[in-house]
A.B. asks: 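Here it is, the structure, as structure tokens.
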Amino acid sequence: MVEMELAGAAERLLASQKPVLTVHVSPDGDAIGAMLGLYWLLLEKGCRPVMVVDDSVPAVFQNLLGAELIKPVSEEQLDADLLVVLDASDDGRIGRVRQMVAPGLPVLNIDHHVSNTGFSEMRWLDVRAAATAEMIAQLADYWQYDYAKTGVAEALYTGIATDCGFFRYANTTPRTMRLAARLLEAGVQPNVVSDRIETQPVQTVSKLANVLSGLEMHSDGRVALISIPLDQYDPETDSDSFIRYPRYIEGVEVAVLLKSVAPDVTRVSMRSKELDVSAVALQYGGGGHKRAAGCTIPRPLDEAKAVILKTLSEAIDNGL
Ligand code: AMP
Ligand code: MN
Ligand code: MN
């Protein structure tokens, strides 16, 4: 695998005429924001990029500039000369997009996950970046991109802000803030971005009340867990933010959100203060960052819960 920095990745991108851009399934603000930002940068450079995601774009990101151009996965074979995989740390995370391009197509992975598996021929990995969108904002600076379209800056700002909890998490650095400041100078209104993301339908808040009523404390109060059983799971309700509540309970080291998405499939999200939860997620085929990670366990909710609680309690005892 060829490891690249900003300049090398920039050069490789420009050598491509028809890159396909993609991101991880269940795309978040960083995945969508980084992909849209790169799309507009490359278009301005004379490339003809195409964006594909094996999932729907969450409603809160649908009004970002160019979101309607993101293709869903299909039988179509795309005529491409490069596959750019953004914000995804392993092959499986892009779902069926791989099947839409020629098997031998070169892959450039642009990512910031510490759990990155090195699956691509070329990789620009920056684990110090708060977001993949922060890397794309660096690329914009490198190319002296003129943010005449505020929408491009807004997509990148959305990516950066969502992955660093609006500049509160430990991954926020001076560089994160400097790049975000550039995006504000380009006309981004931070309150508009955050209101759009934080505003929920009333049903979501009712669901939150319900989920929080099932809060469980484990490992002497160091693990707080909430779960969404199958009969309450609704893919249309955005429950990703629910984990912030157990995370901020006094004495809690790790917060866990379990979602039963099918009878034998449980999606696990973890947030920690210090414990390396990406190492825990990796044990179950997932990944992420030190303090924010996830995995999908092919077991019913109760079994997945027992397994994760045991692993976490051991990790806490070992001081990992
Ligand atoms: P989440 O809890 O789903 O918000 O994910 C937290 C972090 O872990 C994000 O950076 C995700 O990209 C990563 N992550 C979540 N699930 C997986 C998975 N199954 N495989 C690899 N990384 C994951
Ligand atoms: Mn992401
Ligand atoms: Mn990210």
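When a ligand or atom number is given, it counts from 1 through the structure's own listing order.
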A.B. asks: Only N/O/S atoms count here: what is the atom of Asp28 closest to the Mn ion (ligand 2) called?
C.D. replies: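 Looking only at N, O and S atoms of Asp28, the one nearest the Mn ion (ligand 2) is named OD2.
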A.B. asks: Find out whether Ser241 and Gln200 are in side-chain contact, i.e. whether some heavy atom of one side chain is under 4.5 Å from a heavy atom of the other.
C.D. replies: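 Sidechains of Gln200 and Ser241: in contact.
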A.B. asks: Does a sphere of radius 6.0 Å around NZ in Lys45 hold more than 12 heavy atoms from other residues, nucleotides or ligands, not counting ones at 6.0 Å or beyond?
C.D. replies: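 Counting neighbours around NZ of Lys45, more than 12 heavy atoms of other residues, nucleotides or ligands fall under 6.0 Å, so yes.
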A.B. asks: Distance under 4.0 Å to a non-hydrogen atom of Arg271: what atoms of ligand 1 satisfy this?
C.D. replies: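 Ligand 1 atoms under the 4.0 Å threshold to Arg271: 1 (P), 2 (O), 4 (O), 6 (C).
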A.B. asks: I need the atoms of ligand 1 closer than 4.0 Å to a non-hydrogen atom of Ala292, numbered in the order shown.
C.D. replies: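 This gives 6 (C), 7 (C), 8 (O) as the contact atoms.
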A.B. asks: Which heavy atom of the protein is the closest neighbour of atom 17 (C) of ligand 1, given with residue, atom name and distance?
C.D. replies: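 Protein heavy atom at minimum distance: Gly294 O, 3.3 Å.
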A.B. asks: So, for Asp238 and Thr204, which heavy atoms are closest and what is the spacing to 0.1 Å?
C.D. replies: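 Scanning both residues completely, I find the closest heavy atoms to be O-CG2, 3.5 Å.
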A.B. asks: Of the protein's non-hydrogen atoms, which lies at the shortest distance from atom 14 (N) of ligand 1, and what is that distance?
C.D. replies: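 Result: Gly287 O, 3.5 Å.
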A.B. asks: Out of all atoms in ligand 1, which are within 4.0 Å of some heavy atom of His289? Include the element for each.
C.D. replies: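 Ligand 1 atoms under the 4.0 Å threshold to His289: 10 (O).
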A.B. asks: Find all atoms of ligand 1 within a distance of less than 4.0 Å from any non-hydrogen atom belonging to Gly286, and give their numbers and elements.
C.D. replies: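 Every atom of ligand 1 under 4.0 Å from some heavy atom of Gly286: 18 (C), 19 (N), 20 (N), 21 (C).
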A.B. asks: How far is atom 11 (C) of ligand 1 from the closest protein heavy atom, and which atom is that?
C.D. replies: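 Here the closest protein heavy atom is Arg93 NH2, 3.7 Å.
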A.B. asks: Looking only at the side chains, is there a donor atom on one of Ser227 and Lys305 sitting less than 3.5 Å from an acceptor on the other?
C.D. replies: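 Distance-only check fails for Ser227 and Lys305.
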A.B. asks: With respect to the Mn ion (ligand 3), please indicate if His113 possesses an N, O or S atom at a distance under 2.8 Å.
C.D. replies: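 No.
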A.B. asks: Under 4.0 Å from a heavy atom of Cys295: which atoms of ligand 1 are those, numbered in the order shown and with their elements?
C.D. replies: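 So the atoms of ligand 1 that pass are 16 (N), 19 (N).
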A.B. asks: Would you give the angle at the Mn ion (ligand 2) between His24 atom NE2 and Asp87 atom OD2, to the nearest 10°?
C.D. replies: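 Value, to the nearest 10 degrees: 90°.
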A.B. asks: Side chains of Val261 and Thr266, heavy atoms from C-beta outward: is any pair under 4.5 Å?
C.D. replies: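 The answer is no; the side chains never approach within 4.5 Å.
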A.B. asks: What is the nearest protein non-hydrogen atom to atom 3 (O) of ligand 1, stated with its residue, atom name and distance?
C.D. replies: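 The protein heavy atom lying closest is Ser269 OG, 3.6 Å.
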A.B. asks: Taking the side chain from Ser120 and the backbone from Met122, do they hold a donor-acceptor pair closer than 3.5 Å?
C.D. replies: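 The answer is yes, because a donor-acceptor pair under 3.5 Å joins these two groups.
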A.B. asks: Are His112 and Asp30 linked by a side-chain donor-acceptor pair shorter than 3.5 Å?
C.D. replies: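 Indeed, the side chains of His112 and Asp30 share at least one donor-acceptor pair under 3.5 Å.
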A.B. asks: Check each of Leu13, Val97, Val84, Val85 against Leu21 using the side-chain contact (heavy atoms from CB on, under 4.5 Å) test, and report the only one that passes.
C.D. replies: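 Answer after filtering Leu13, Val97, Val84, Val85: Val84.
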A.B. asks: I want to confirm something. Looking only at heavy atoms, which of His113, Met270, Arg291, His24 is nearest to atom 9 (C) of ligand 1?
C.D. replies: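 Minimum heavy-atom distance to atom 9 (C) of ligand 1 goes to His113.
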A.B. asks: Are Arg175 and Asp126 close enough for a salt bridge, meaning some N to O gap below 4.0 Å?
C.D. replies: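 Yes, Arg175 and Asp126 are salt-bridged.
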A.B. asks: Relative to the Mn ion (ligand 3), which of the N, O or S atoms in Asp30 is the closest?
C.D. replies: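 Nearest to the Mn ion (ligand 3) within Asp30's N, O and S set: OD2.
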A.B. asks: Could you tell me whether Glu3 and Arg123 make a salt bridge, using a distance below 4.0 angstrom between a side-chain N and a carboxylate O?
C.D. replies: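 Here Glu3 pairs with Arg123 in a salt bridge, since their nearest N and O are under 4.0 Å apart.
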A.B. asks: Below 2.8 Å, can you find an N, O or S atom of Asp163 next to the Mn ion (ligand 3)?
C.D. replies: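 Checking Asp163: at least one N, O or S atom is under 2.8 Å.
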A.B. asks: Can you sort out which atoms of ligand 1 are near Gly288, meaning under 4.0 Å from one of its heavy atoms?
C.D. replies: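 Listed by number with element, the hits are 8 (O), 13 (C), 22 (N).
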